[in-house]
Structures are given as C-alpha cells and as structure tokens.
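Reading through the structure tokens given below for one structure.
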Amino acid sequence: VTYRLEGPLPSLPDRAQAWKLGNTPEPDRVAALAAALGLTAKPKQEPTGWTVHDGRRALVVNRAAGVPWTYGTDLGVCGTRVGGGPYHPGPGIQCLDPNAPVAGQRTARSDLPSQAEAERIARDLAARAGLDPTGARVRVVDSWSARTVTIAPAVAATPTSGLSWTVAVGAKGAVQYASGWLATPQPADTYPLIGVQAGFEQLRKVR
C-alpha cells in the first residue's frame, strides 16, 4: 500500500484531551433507557449489572467499562464468535437467556418504515435514554427484516469510534434489537501530539 497526500495537512494543537469511561451509569439512567424501550418492569440490580424483563423482551446492562447494554426480543444465543461456534462472554458480562427460542416470523418489507422514519425512531430512543445527539454521525443500513440505525456520538465535538448505539427498527416501527453504552465520558489527562506530518510519515513506514 502506498499513501499519497492529495492536499495540505490540517494544523492541530500540540496537545489533546483524553476521556475515560467508568463502569457505573448515572442515577436513573438504566430506568430511563428501559422506559425509552417501552419496558414497564423495574431494573433488577445484580453484582454484574442490571436486568429488566418484560415478557419476551429484555434489557441487559453490564457493569463493565463503558456500561454496555443490549436489548432484544426472543433472542436465542448471545451471539456467534468469529470462526463459528457459540459465543461465551467474559467475566462479568451477562447475556439474554441462551435457552430462549428464536422467533421464526418473517417481516414483509412493505411493513418497514422508511430510512428517514427509522432514523427518527432511533434518534428519539437515544435522546429519551439520555444520549446527547449533538455532532453524532448517523448511518442507516437496510436488511430484509429491519433498518439498522447506527449512532456514533461525539465527545467534546470530536467524533468517536467504538461507542456507537445500534437500533434495528422493524415492521411498523418496532425496535427489534438495540445496543449501546450508558457511561458518560469524563475528562482525563491531556497528552502531547506528534503532529499530523509526523503521523503521516509513520503511516507511510507501516508495512
């Protein structure tokens, strides 16, 4: 791979602010998320996090870095690891009931909302759950049974990677699946930057 510049490099400060994420959400944040998802049960606190069950629907919030959460309806296993086979979460990570049957219903594409409507539903859910939408990058991807909306929030007006919220909007605007992070980024130390030109030179040396 050969990297070439097609324009001038931007100038950046010589130092940058770092941010950190805890493993505990702000008070009432789990309850607000559950309410935004339409769950009526109260969150149940456990050593590894919080759970909210409402019939076949469930919300699982993990007491881990970033406070990751997952919501689903009639989910089967937790997931599939790369290369195939069952996924086994690490210590302190909860998943929905692995013995629950997987729903076999199919959704007609005519019942799906438009991309714009799916984005509106996802944004509304995120806002009611306490996510600041200012500066967020939003992407909508189509599948057969849902429109999946990914919301990548900004921190201090800076784009982020790895902190996205995902909302799968299915027939008639119903949220089929969702996941995200509940921890609020907190300022940490500042660190020196080597500069964009030096960074580009390092990139060119990577083989």
Side-chain angles (χ1 to χ4, degrees), residues 12-54 57-73 75 77-82 87-98 119 121-139 148-168 175-194:
L12 295 176
D14 58 1
R15 298 186 68 83
Q17 173 78 61
W19 298 78
K20 60 184 178 180
L21 294 172
N23 62 359
T24 303
E26 295 177 351
D28 301 326
R29 193 77 190 277
V30 175
L33 173 60
L37 290 165
L39 300 173
T40 57
K42 292 184 178 180
K44 179 182 178 182
Q45 185 169 348
E46 300 172 352
T48 55
W50 300 260
T51 57
V52 183
H53 289 274
D54 191 349
R57 300 185 300 152
L59 167 66
V60 176
V61 182
N62 295 294
R63 193 188 299 277
V67 194
W69 61 270
T70 304
Y71 163 82
T73 303
L75 292 182
V77 297
C78 297
T80 302
R81 61 180 172 84
V82 176
Y87 166 73
H88 298 289
I93 301 296
Q94 300 182 64
C95 289
L96 300 181
D97 183 3
E119 179 177 336
I121 292 170
R123 283 182 175 272
D124 180 64
L125 168 63
R128 287 187 289 125
L131 181 67
D132 184 1
T134 306
R137 293 176 297 178
V138 182
R139 183 168 61 110
T148 302
V149 184
T150 302
I151 304 174
V155 175
T158 301
T160 61
S161 176
L163 291 177
S164 297
W165 287 38
T166 300
V167 181
V175 175
Q176 295 181 342
Y177 167 86
S179 64
W181 309 83
L182 283 188
T184 301
Q186 300 295 330
D189 294 334
T190 59
Y191 294 88
L193 302 176
I194 63 173

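Note: hydrogens, waters and symmetry copies are ignored here, and every other heavy atom, side chains too, is used.
Between the side chain of Trp165 and the main chain of Trp181, a donor-acceptor pair closer than 3.5 Å is present. Arg137 contributes no side-chain N or O that, together with a main-chain N or O of Ala152, makes up a donor-acceptor pair within less than 3.5 Å. Remark: side-chain polar atoms of Asp132 are paired, donor with acceptor, to backbone N or O of Thr134 under 3.5 angstrom. When atom types are taken as modelled, the side chain of Asp54 and the backbone of Thr40 share a donor-acceptor pair closer than 3.5 angstrom.
More than 12 heavy atoms of other shown residues, nucleotides or ligands fall within 6.0 angstrom of atom CZ in Arg128.
The two residues Pro68 and Ala65 come nearest to each other via the heavy atoms CD-O, 3.7 Å. Nearest heavy atoms, Arg15 versus Thr190: NH2-O, 3.0 Å. A pairwise comparison of heavy atoms in Val30 and Pro25 identifies CG2-CG, 3.9 Å as the closest pair. When every heavy atom of Arg29 is checked against every heavy atom of Leu182, the shortest pair comes out as NH1-O, 2.8 Å. Closest of all the heavy-atom pairs between Pro153 and Leu131 is CB-CD1, 3.9 Å. Val155 and Pro185 get closest at one heavy-atom pair: CG2-CG, 3.8 Å.
Distance CH2/Trp19 to CG/Asp189: 12.5 Å, rounded to 0.5 Å. Taken to the nearest 0.5 Å, the OG1 atom of Thr48 stands 12.0 Å off from the CG atom of Asn23. Separation of atoms CZ (Arg139) and OG1 (Thr150) is listed at 5.0 Å; rounding is to 0.5 Å. Atom-to-atom distance recorded for Asp124:CG and Glu119:CD is 12.0 Å, nearest 0.5 angstrom.
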Side chain to side chain contact (heavy atoms under 4.5 Å, CB included) assessment of Val67 paired with Val61: CA-CA 7 Å; Val67 194; Val61 182; 3.4 Å; yes
Assess whether side chain to side chain contact (heavy atoms under 4.5 Å, CB included) is satisfied between Arg57 and Leu39, documenting all intermediate values. CA-CA 8 Å; Arg57 300 185 300 152; Leu39 300 173; 3.7 Å; yes
Under the side chain to side chain contact (heavy atoms under 4.5 Å, CB included) rule, what do Leu37 and Leu125 come out as? Steps first, then yes or no, please. CA-CA 7 Å; Leu37 290 165; Leu125 168 63; 3.8 Å; yes
Does Trp69 form a side chain to side chain contact (heavy atoms under 4.5 Å, CB included) with Leu33? I'd like the steps, not just the answer. CA-CA 10 Å; Trp69 61 270; Leu33 173 60; 3.5 Å; yes
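Partners of Lys44 under the side-chain contact (heavy atoms from CB on, under 4.5 Å) rule, at least two apart in sequence or in another chain, are Glu46, Thr51. Partners of Ala188 under the side-chain contact (heavy atoms from CB on, under 4.5 Å) rule, at least two apart in sequence or in another chain, are Ala18, Lys20.
Residues Val175 and Ile121 form a side-chain contact, since some pair of their non-hydrogen atoms from C-beta on lies under 4.5 Å apart. Between Leu193 and Tyr191 the shortest side-chain heavy-atom distance does not fall below 4.5 Å. Between Arg63 and Trp50 there is a side-chain heavy-atom pair separated by less than 4.5 Å. Looking at Thr166 and Ile151, their side chains never come closer than 4.5 Å, going by heavy atoms from C-beta outward. Between Tyr177 and Thr70, the closest side-chain pair of non-hydrogen atoms falls below 4.5 Å.
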